[in-house]
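See structure below.
Numbering of residues begins at 1 and proceeds along the displayed sequence.
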Amino acid sequence: MIDRESILTLLDIPKENIQLFSVRHSNRAKRLIFKSSLRKGFEIVLPRIYDDNWVLETVAKRKPKIEKRITEIQDDRKVLKPTSIVLPSTGNTWKVNYREFSDESSEAIIQTSTKLEITEKPEDVFWVPFLLQKWLQNKALEYLPKRLDDVSTKLKLPYNKVRIKRQKTIWGSCSIKRNINLNRNLMLMPPEVVDYVLHHEIVHLKVLSHSPKFWKELEKSFPNFRESRRQLNHFENFTIPGWSLI
């Protein structure tokens, strides 16, 4: 029966990368599955019925790709511990220092105007991103509702409630009940891009669809929306740090 150790021996994965590799048997799987993610690492899922030799031959053929993907995951995990953080939305920058986690009662993040000191758990690579996401959520709660109020007042379009939360694919949304949701990662965007999203959602209070009428209304209130929308697409693909997405 195939197990993790037999495949590790076949792949000869370096010791420092072994924790990124796992093998799982599934009674529901109908085929051999190769899965990978930043959080879970590289996983091989074995189907309910399989031939040992066939599995080993298939894995051996994929060895270069598996090695490459595990190395990529290892490299991607390194950026989960940044040395500096920039919030273009507000123009603020912090240098990040780390200290060893020692006391449950100690502050997780100590902040000054230019520095963040963060408790670190070396055995948990996702601890720092967890803390930074909570920190970013608080920054978003401080900034985005105030800026949304400014836009709402300027356009004379009142909204009901605003929620700031983590969203993977949506930067903002507006409901028929006049509630607005905003992605906290907007804090990682330039101010003109933030303003585009805020204007976009506020204008939806007048025109809920993305009809030609909506875009005309948006252009009246935010004439440069096309350039800001292009910026948003660019930053979405290339500039969002890994620690904010995990």
Side-chain angles (χ1 to χ4, degrees), residues 76 78-99 107-120 126-159 161-174 180-205 218-246:
D76 289 344
K78 291 176 183 177
V79 302
L80 300 181
K81 185 181 169 183
T83 57
S84 64
I85 293 177
V86 180
L87 296 186
S89 56
T90 62
N92 295 111
T93 300
W94 292 266
K95 181 179 179 181
V96 182
N97 296 319
Y98 296 91
R99 68 181 188 277
E107 290 188 66
I109 296 182
I110 299 174
Q111 176 183 307
T112 70
S113 59
T114 58
K115 293 182 181 180
L116 294 179
E117 187 172 283
I118 302 176
T119 59
E120 180 183 13
F126 301 110
W127 174 248
V128 169
F130 167 75
L131 294 179
L132 286 175
Q133 287 185 23
K134 290 179 65 176
W135 173 83
L136 183 65
Q137 176 74 14
N138 289 331
K139 289 294 180 185
L141 288 170
E142 290 174 8
Y143 177 78
L144 292 176
K146 292 179 183 178
R147 188 71 193 105
L148 185 68
D149 284 345
D150 292 341
V151 176
S152 174
T153 300
K154 182 185 77 170
L155 300 185
K156 298 180 180 179
L157 291 170
Y159 61 92
K161 297 178 182 178
V162 59
R163 291 180 62 196
I164 312 298
K165 56 185 182 179
R166 177 185 178 183
Q167 294 175 294
K168 290 186 176 181
T169 58
I170 298 175
W171 291 107
S173 63
C174 177
I180 291 176
N181 294 319
L182 296 173
N183 190 329
R184 69 182 178 208
N185 281 352
L186 283 170
M187 297 301 295
L188 301 163
M189 300 292 174
E192 63 271 20
V193 173
V194 176
D195 280 353
Y196 159 69
V197 173
L198 300 184
H199 279 78
H200 185 118
E201 301 312 327
I202 290 295
V203 171
H204 270 315
L205 297 170
L218 179 58
E219 189 168 23
K220 287 179 186 177
S221 62
F222 199 76
N224 202 33
F225 82 88
R226 291 179 181 84
E227 175 58 30
S228 294
R229 185 169 60 177
R230 280 193 291 268
Q231 276 189 277
L232 178 63
N233 292 333
H234 168 77
F235 280 94
E236 180 179 3
N237 293 330
F238 300 107
T239 309
I240 302 297
W243 58 261
S244 69
L245 299 172
I246 190 67

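- The nearest pair of heavy atoms linking Ile240 to Ser244 is CG2-OG, 3.2 Å.
- Looking at residues two or more places apart in sequence or on another chain, you find a side-chain contact (heavy atoms from CB on, under 4.5 Å) between Lys165 and Arg163, Gln167, Asn181.
- Between the side chain of Gln231 and the backbone N or O of Met189, no donor-acceptor pair lies under 3.5 Å.
- The list of salt bridge (charged side-chain N to carboxylate O under 4.0 Å, His left out) pairs with a residue in residues 182-198, not counting sequence neighbours, reads Arg147-Asp195.
- The shortest side-chain heavy-atom distance between Leu218 and His199 falls under the 4.5 Å cut-off.
- Judged as a side-chain contact (heavy atoms from CB on, under 4.5 Å), and not counting sequence neighbours, the contacts of Thr90 are Leu87, Asn92, Tyr143, Met187.
- In this structure Trp135 satisfies the side-chain hydrogen bond (donor to acceptor under 3.5 Å, both in side chains) test together with Gln111, sequence neighbours excluded.
- In terms of heavy-atom proximity, Val128 sits nearest to Ile118 at CG2-CG2, 4.4 Å.
- Taking CD1 from Ile164 and CG from Leu186, the interatomic distance works out to 8.0 Å, rounded to the nearest 0.5 Å.
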Practice problem: Might you work through the side chain to side chain contact (heavy atoms under 4.5 Å, CB included) test for Gln133 and Ile246, ending with a clear yes or no? | Solution: CA-CA 9 Å; Gln133 287 185 23; Ile246 190 67; 3.4 Å; yes
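- The two atoms that bring Cys174 and His204 nearest to each other are CB-CB, 3.8 Å, heavy atoms only.
- Pro82 approaches Leu80 most closely through the heavy-atom pair CD-O, 3.4 Å.
- The backbone N or O of Thr112 lies less than 3.5 Å from a partner atom in the side chain of Trp94, making a donor-acceptor pair.
- Leu182 contributes atom CG, which lies 6.0 Å from atom CG of Leu144 (distance to the nearest 0.5 angstrom).
- With sequence neighbours excluded, the residues satisfying side-chain contact (heavy atoms from CB on, under 4.5 Å) with Val86 are Pro88, Thr93.
- The CG atom of Leu232 sits 6.0 Å away from the CH2 atom of Trp171 when rounded to the nearest 0.5 Å.
- The distance from atom OG1 of Thr83 to atom OH of Tyr98, rounded to the nearest 0.5 Å, is 7.5 Å.
- Between Pro158 and Ser152, the shortest heavy-atom contact is CA-OG, 3.5 Å.
- Within the 4.5 Å cutoff, no side-chain heavy atoms of Arg229 are placed close to those of His200.
- Under a cut-off of 6.0 angstrom, the local environment of NZ in Lys115 is sparse, with at most 12 non-hydrogen atoms contributed by other residues, nucleotides or ligands.
- With sequence neighbours excluded, the residues that form a side-chain hydrogen bond (donor to acceptor under 3.5 Å, both in side chains) with Asp149 are Tyr159.
- For Glu219 (side chain) and Arg226 (main-chain N/O), no donor-acceptor pair under 3.5 Å exists by modelled atom type.
- In this structure, Leu198 and Phe222 have side chains that are not in contact, with every pair of non-hydrogen atoms separated by 4.5 Å or more.
- In this structure, NZ on Lys156 lies 15.0 Å from CD1 on Ile202, to the nearest 0.5 angstrom.
- In terms of heavy atoms, Leu205 sits closest to Leu157 at CD1-O, 3.5 Å.
- Atom CZ of Arg166 is separated from atom CG of Asn185 by 8.0 Å, given to the nearest 0.5 angstrom.
- At least one side-chain heavy atom of Leu188 sits less than 4.5 Å from a side-chain heavy atom of Leu136.
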